[in-house]
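One structure is given here, and the rest of the page talks about it.
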Amino acid sequence: DTGKAQAVEWLCQQLNFTMAQVMAIGDSMNDITLLQRAGLAIAMENGIDAVKQAADFITCSNAQDGVAYAVMRFLAGAQ
């Protein structure tokens, strides 16, 4: 029962955050549980269909700097 979601949940507890405050970005099967638990779930355009279905937003592909695009779109200016 370990994975990315459990690791992020543990980190949230340590930092006094909730999963609702987490933005997660993924592209493969091992990201789906994390995306389902995160407050904002983002899939890479080049990700698998199951990840895209679990996402709130689909960003650009890896080749098009999709992570940077998502960070700028959702976190630029966030405090």
Side-chain angles (χ1 to χ4, degrees):
D1 291 335
T2 61
K4 293 179 182 183
Q6 292 82 358
V8 173
E9 287 172 342
W10 179 87
L11 185 59
C12 283
Q13 290 173 353
Q14 303 307 305
L15 299 174
N16 200 29
F17 285 97
T18 67
M19 287 298 288
Q21 295 171 288
V22 170
M23 180 179 91
I25 302 173
D27 63 357
S28 62
M29 288 298 293
N30 66 341
D31 297 316
I32 291 175
T33 302
L34 176 58
L35 294 174
Q36 291 171 334
R37 294 182 186 173
L40 177 59
I42 300 174
M44 301 299 295
E45 183 178 57
N46 58 287
I48 63 172
D49 288 338
V51 171
K52 293 177 187 178
Q53 291 172 356
D56 300 309
F57 180 79
I58 299 173
T59 191
C60 306
S61 71
N62 291 338
Q64 296 173 316
D65 300 322
V67 172
Y69 178 82
V71 168
M72 293 300 295
R73 177 175 174 138
F74 293 101
L75 298 181
Q79 296 183 22

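Count residues from 1 along the sequence.
Note on Leu75: it clusters hydrophobically with Val67, by side-chain heavy-atom contacts below 4.5 Å among ILVMFWY residues.
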If you look only at distance, which donor and acceptor atoms sit under 3.5 Å apart when one is on a side chain in residues 45-56 and the other is two or more places apart or in another chain?
{"residue": "Asn46", "atom": "OD1", "partner": "Asn62", "partner atom": "N", "Å": "2.9"}
{"residue": "Lys52", "atom": "NZ", "partner": "Glu45", "partner atom": "O", "Å": "2.8"}
{"residue": "Asp56", "atom": "OD2", "partner": "Ala41", "partner atom": "N", "Å": "2.8"}

Please table the atom pairs, donor to acceptor, closer than 3.5 Å between any side-chain atom in residues 14-24 and protein atoms at least two apart or in another chain.
{"residue": "Thr18", "atom": "OG1", "partner": "Ala20", "partner atom": "N", "Å": "3.3"}
{"residue": "Thr18", "atom": "OG1", "partner": "Gln21", "partner atom": "OE1", "Å": "3.4"}
{"residue": "Gln21", "atom": "OE1", "partner": "Thr18", "partner atom": "N", "Å": "2.8"}

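Every residue two or more places apart in sequence or in another chain that forms a ring pair (Phe, Tyr, Trp, His ring centres under 6.0 Å) with Phe57 is listed here: Phe74.
Interatomic distance, Ile25 CD1 to Leu40 CG, rounded to the nearest 0.5 Å: 8.5 Å.
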Exercise. side-chain contact (heavy atoms from CB on, under 4.5 Å) between Met44 and Gln64: does it pass, once the steps are laid out?
Worked result: CA-CA 10 Å; Met44 301 299 295; Gln64 296 173 316; over 6 Å; no

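A side chain to side chain contact (heavy atoms under 4.5 Å, CB included) with Ile42 is found for one member of Asp31, Val71, Leu35, Thr59 and no other, namely Thr59.
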